[in-house]
Every structure is written in C-alpha cells, then in structure tokens.
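To start, the structure under review is shown below, and the notes come after it.
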Amino acid sequence: MGRQKIVILGVTGSIGVSALKVLDACSNQFELTGISYHENDTLAREICQKYKVSHLCCTSPEKRDEFPEGIAVHPDLKSLLDIDYDAVLIAVVGAVGVMPAYYAALAGKRILLANKESLVMAGSFIIEAARKNGAELLPVDSEHNSVFRLLEGQSSVQKVIITASGGALREYPLVGLAEVSVENVLKHPTWSMGAKITVDSATMVNKALELIEAHYLFELSYEKLDALIHPQSFVHAILQARDGSYSFHVYEPDMVYSIAHTLFYPESAPPILKAAPVDEMPALTFQPIEKERYPAFFLGVEAGKEEGVFPAIFNAANEEAVAAFLDERIGYMKISSLIEEALEGALSQNFGASMEDLFAADEWAREFIRQRL
Ligand code: NDP
Ligand code: MG
C-alpha cells in the first residue's frame with residue numbers, strides 16, 4: 001500500500017508543526033499532499049520544500065501573490081479539499097474551521113479535528129453530515145482524544161470529566177486580574193500553543209468550548225459532562241462507569257500523542273516521544289473551577305446548554321474580545337464582560353436555526369463586540 005495522503009489546514013500553527021513531527025517520524029507511511037497557511041509564508045515555503053507539497057492554499061488576502069513555484073495554488077480551502085487525499089487535519093484557529101470541517105464531512109472524508117470552534121459553532125450540522133456521508137471524525141483536542149479512547153469498549157458511562165490546567169492566571173491574585181498584561185496571560189504553565197487558545201486557557205473559555213465540543217462529538221448530555229482543574233495536565237480525561245469506578249487517560253502534555261493517535265487510528269501509533277516514567281510523574285491533583293476567577297467558563301456552559309445560536313454567539317464574541325485583548329485594546333477582565341453582554345443582547349434577537357443563521361449570529365456577535373470597543 002502507498003503512503004497515506006495527508007492535508008493539513010493551518011500547517012504553520014502550533015498543532016500543524018506538532019503534526020509535522022509525527023510525519024517526520026513516520027515518513028514512509030504519510031505524505032503531505034496539501035497545506036494551508038494564513039500569514040507565515042516563510043515557514044510555509046520551508047514546509048513546501050521539505051515535504052514536496054503539491055497543493056497549497058494561502059488564506060490571507062494580503063499574501064496572495066507570493067507563492068512558491070511548481071505548486072498547485074488553490075484560491076480557498078474548499079478548492080484545496082477537492083484534491084485527492086486520505087485524511088485532513090483541521091488545525092486552523094477559530095470559526096474559519098467550520099466550512100472545511102462541514103465540507104470534508106459532506107465529502108465523507110477522514111477528518112482529524114483539532115479546531116474546536118467548528119463543532120462549537122455548527123456541531124449538530126457537522127456531526128449529521130459526517131454520519132450521513134460516512135465521514136470519520138477523529139478528535140485531536142487532547143481531552144477529547146482521551147475521552148474517545150476511554151469510551152472504546154465502554155457500554156456504561158455515568159460521567160465524563162475533562163481536565164483544565166487552569167491557565168496562566170490560576171494563582172494570580174484576583175484583585176490584579178483587571179490589569180494583567182498580555183505577556184503574563186501568554187505564559188502557559190504546561191502547554192505550548194497558539195496565542196488565542198492560550199488566552200482561552202487563562203479565561204477557561206477553552207474548557208467551555210471543549211464541553212460543548214464533547215457534547216456534540218460524543219452525544220453526551222451536559223449532565224454527564226464535567227470539567228476539573230488539574231494543574232499538572234497529565235490526566236486529560238476521566239471516565240466514570242455506572243458502578244462509580246473511574247478510568248483516567250494519562251500522558252505528558254504534548255499534542256504529538258493525540259495527533260499520532262488520529263493519524264494511525266485504528267492501528268496503534270508507534271512511540272514517537274519518550275514517555276515519562278510513571279515514577280517520575282508529578283503528584284496529580286484536582287480541584288473545582290472557581291466562579292470568581294473564571295466567569296467566562298460558566299457563561300460558555302450556559303450558552304452550550306441554551307443550544308441554537310448561543311454557542312456560536314459565545315464563540316464569536318470571545319474571538320473578537322480575545323483579538324482586542326491581544327492588541328491591548330481592552331483589559332483582561334473585559335473579555336468575560338463583553339461575552340456576557342453579547343449573550344444578553346442575543347436574547348432579544350430572533351435568530352433561526354439553519355447553518356446560514358449560525359453565520360448570521362456569528363457576524364452579529366462580532367459586530368456587537370466591535371461596537372463596544
Ligand atoms: P495557532 O495560532 O498556533 O495556528 C493557527 C493556524 O491557523 C496557523 O497555521 C495560522 O496561519 C492559521 N490561521 C490563522 N488565522 C487564520 C484564518 N483567518 N484563516 C485560515 N487560517 C488561519 O493555533 P493552534 O495550532 O494553537 O490551534 C489551532 C486549533 O487547534 C485551534 O482551534 C485550537 O483551539 C485547537 N487546539 C490547539 C491545541 C494546541 O495545543 N495548540 C490543543 C487543542 C486544540 P499562519 O500562522 O500562517 O498565520
Ligand atoms: Mg484541549
């Protein structure tokens with residue numbers, strides 16, 4: 001059998017680069033056929049050369065004419081996903097992940113899904129399209145990848161608990177949070193990730209997005225889903241069986257594990273990293289999520305339970321607020337208060353329930369936030 005043809009959307013990001021480590025270790029099994037990137041053309045050019053990529057899409061309109069030669073250039077992600085491939089890793093950040101995930105699901109493809117915003121915004125549509133068209137949806141997000149593995153062969157699930165590091169500000173004095181700098185928020189204690197998700201980890205919006213993602217992906221009600229702070233980030237998910245007993249899925253915090261798992265599934269992935277010996281692991285501790293420190297987490301869970309356009313509103317408001325925070329246009333605590341205002345404002349709007357309505361709600365929330373900046 002020939003090598004599997006892989007497409008990576010968002011190859012220049014943190015997940016994209018971790019995926020390349022797996023391809024480097026297993027180059028006789030995978031071939032990087034297509035890539036997308038947004039602005040980092042230096043890295044994209046290096047990747048094209050090293051992996052002899054044949055198809056490319058640059059999603060940023062400002063960069064459109066600076067392309068490496070000898071490569072088929074696609075005008076958008078939809079066109080890139082029309083090429084022949086075996087699996088696509090969706091590792092772009094934000095709601096821009098929705099259309100490629102939906103499109104690959106309609107095409108019945110094998111989808112390795114890192115982008116969580118797509119399921120948050122359009123979970124029911126993507127899951128339905130995948131089911132109808134025989135697409136395989138494999139979660140790369142570490143917690144979901146662990147839940148996926150824990151659920152295999154399990155018939156009785158009482159509860160699924162995903163863990164959160166607590167982010168960069170877990171121990172920061174509460175009174176100082178309003179003035180905290182971008183630099184401090186980006187100092188994640190355990191994971192090295194892109195800027196947006198690192199801010200989402202500090203606010204714990206990330207964990208709310210992940211609970212919503214888990215709700216759609218595993219078809220679990222919110223009563224069966226929970227999240228806990230686990231500062232060491234070694235345990236990624238916990239499954240409680242009906243008899244009350246727990247199973248943990250444990251590995252050191254590195255996305256290579258879940259990326260490799262999805263690339264090789266249903267075969268088991270070879271060892272790519274040297275696993276930490278159990279007796280060298282840190283002491284594993286767990287604690288509940290404080291409302292005062294992480295108000296946006298609770299807003300996100302409520303938006304998830306509300307269903308309809310509310311997860312999309314929560315996600316879009318957060319994306320705009322985080323971009324403004326990263327640009328130093330608003331303070332840190334303003335992220336959660338802006339999200340709250342957008343969710344309240346959305347209550348008096350009359351959104352429908354189609355895919356188009358989700359995009360309309362997304363745009364409405366972005367405009368709502370922009371007007372308040
Ligand atoms: P990064 O910010 O590191 O990378 C994002 C990628 O998306 C880059 O390739 C970037 O291109 C591209 N991109 C940026 N803006 C756009 C846009 N408007 N349209 C298309 N592509 C764009 O993010 P991460 O790798 O950290 O995260 C990617 C996704 O995976 C997110 O949804 C995140 O929540 C999820 N995830 C990430 C984890 C992690 O460990 N990093 C863990 C679990 C989930 P360029 O750099 O060329 O501008
Ligand atoms: Mg995660």
Side-chain angles (χ1 to χ4, degrees), residues 7-21 35-48 56-64 66 74 76-78 80-81 89-101 111-121 138-148 162-167 186 188 190-201 203-214 217 227 230 233 235-237 249 251-259 262 315-316 318-320 322-323 326 362 366:
V7 173
I8 303 182
L9 307 186
V11 73
T12 43
S14 161
I15 291 281
V17 168
S18 292
L20 295 178
K21 286 189 205 157
I35 62 164
S36 89
Y37 72 100
H38 199 58
E39 295 197 311
N40 192 344
D41 38 27
T42 311
L43 181 55
R45 198 165 278 126
E46 275 171 33
I47 293 169
C48 285
L56 166 148
C57 171
C58 168
T59 43
S60 166
E62 275 113 66
K63 299 270 177 181
R64 292 240 158 164
E66 306 160 31
H74 296 264
D76 50 39
L77 296 178
K78 187 168 179 289
L80 177 63
L81 291 182
L89 169 61
I90 304 186
V92 292
V93 60
V96 292
V98 172
M99 281 328 282
I111 306 166
L112 321 184
L113 190 64
N115 175 281
K116 59 192 76 186
E117 295 88 347
S118 48
L119 282 187
V120 169
M121 188 168 159
L138 298 169
V140 170
D141 204 345
S142 52
E143 297 77 3
H144 305 74
N145 184 266
S146 288
V147 173
F148 181 87
I162 58 172
T163 62
S165 65
L186 291 182
H188 197 283
T190 49
W191 291 99
S192 156
M193 311 182 284
K196 189 251 174 189
I197 184 177
T198 306
V199 177
D200 288 352
S201 292
T203 57
M204 287 263 243
V205 160
N206 186 47
K207 218 41 56 179
L209 296 176
E210 289 185 353
L211 283 178
I212 302 172
E213 184 186 8
L217 202 48
H230 165 52
S233 303
V235 176
H236 305 283
H249 195 243
Y251 60 90
E252 69 206 278
D254 194 312
M255 293 304 292
V256 160
Y257 286 92
S258 60
I259 295 167
T262 58
N315 179 61
N318 177 61
E319 279 188 32
E320 290 299 317
V322 169
L326 287 170
D362 173 280
R366 287 175 200 275

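Index from 1, following the sequence. Order of listing sets the numbers, starting from 1, for every ligand and every atom in it. No hydrogens, no waters, no symmetry mates; every other heavy atom, side chains included, goes into these values.
Checked by distance only, ligand 1 and Glu117 come closer than 3.5 Å through their nitrogen or oxygen atoms. Checked by distance only, ligand 1 and Gly10 come closer than 3.5 Å through their nitrogen or oxygen atoms. Between Ala195 and ligand 1, no N or O atom pair is found at a separation short of 3.5 Å.
The atom of Glu210 nearest to the Mg ion (ligand 2) is OE2, with the search restricted to N, O or S atoms. Residue-level check: among N/O/S atoms of Asp141, OD1 sits closest to the Mg ion (ligand 2). Atom OE1 is the N, O or S atom of Glu143 at the shortest distance from the Mg ion (ligand 2).
The minimum heavy-atom distance between Leu56 and Leu80, with the atom names listed, is N-CD1, 4.2 Å. Contact detail for Gly10 and Val92: the closest heavy-atom pair is N-CG1, 3.7 Å. When all heavy atoms of Asp200 and Asn318 are compared, the pair lying nearest together is OD1-ND2, 3.0 Å.
When non-hydrogen atoms are compared, ligand 1 lies under 4.0 Å from neither the backbone nor the side chain of Lys196. Under 4.0 angstrom from ligand 1, the non-hydrogen atoms of Val92 come from both its backbone and its side chain. By the criterion of a heavy-atom distance under 4.0 Å, both the backbone and the side chain of Asn115 are placed next to ligand 1. With a heavy-atom cut-off of 4.0 Å, Ala114 touches ligand 1 through backbone and side chain alike.
Residue Glu39 has at least one heavy-atom neighbour below 4.0 Å for each of these atoms of ligand 1: 45 (P), 47 (O), 48 (O). The distance from ligand 1 to the heavy atoms of Met255 drops below 4.0 Å at these ligand atoms: 40 (O), 42 (C), 43 (C).
Closest heavy-atom approach to atom 43 (C) of ligand 1 among the candidates Asn40, Val93, Asp141, Ile259: Asp141. The residue among Glu319, His38, His188 with a heavy atom at the shortest distance from atom 14 (C) of ligand 1 is His38. Residue Ser14 holds the heavy atom nearest to atom 41 (N) of ligand 1 of all those in Pro253, Gly13, Gly16, Ser14. In the candidate list Thr12, Leu9, Thr42, Thr12 is nearest to atom 46 (O) of ligand 1, counting heavy atoms.
Put simply, the side chain of His144 gets close to the backbone of Glu210: a donor and an acceptor are under 3.5 Å apart. A donor-acceptor pair is defined here as one N or O able to donate and one able to accept, closer than 3.5 Å; no such pair exists between the side chain of Ser142 and the backbone of His236. Asn145 contributes no side-chain N or O that, together with a main-chain N or O of Val140, makes up a donor-acceptor pair within less than 3.5 Å.
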So Cys48 and Ile35, side-chain contact (heavy atoms from CB on, under 4.5 Å) or not? Walk me through it. CA-CA 8 Å; Cys48 285; Ile35 62 164; 3.7 Å; yes
Using side-chain contact (heavy atoms from CB on, under 4.5 Å), reason through Ile259 and Leu112 one step at a time and then give a plain yes or no. CA-CA 8 Å; Ile259 295 167; Leu112 321 184; 5.9 Å; no
Is there a side chain to side chain donor-acceptor pair (under 3.5 Å) between His249 and Ser146 once you walk through the steps? CA-CA 6 Å; His249 195 243; Ser146 288; 2.8 Å; yes
Show your working on side-chain contact (heavy atoms from CB on, under 4.5 Å) between Ser233 and Trp191 and close with a plain yes or no. CA-CA 8 Å; Ser233 303; Trp191 291 99; 3.6 Å; yes
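Closest to atom 6 (C) of ligand 1 among all protein heavy atoms lies Ala91 O, 3.6 Å. Of all protein heavy atoms, the one closest to atom 38 (C) of ligand 1 is Ile15 CD1, 3.5 Å. The shortest contact between atom 20 (C) of ligand 1 and any protein heavy atom is with Thr59 OG1, 3.1 Å. The protein non-hydrogen atom at the shortest distance from atom 34 (O) of ligand 1 is Lys116 CE, 3.2 Å. Closest to atom 33 (C) of ligand 1 among all protein heavy atoms lies Ile197 CD1, 3.9 Å.
Side-chain contact between Pro100 and Leu81 is present, with heavy atoms from C-beta onward closer than 4.5 Å.
A salt bridge does not link Lys116 to Glu143: none of the charged side-chain nitrogens sits closer than 4.0 Å to a carboxylate oxygen.
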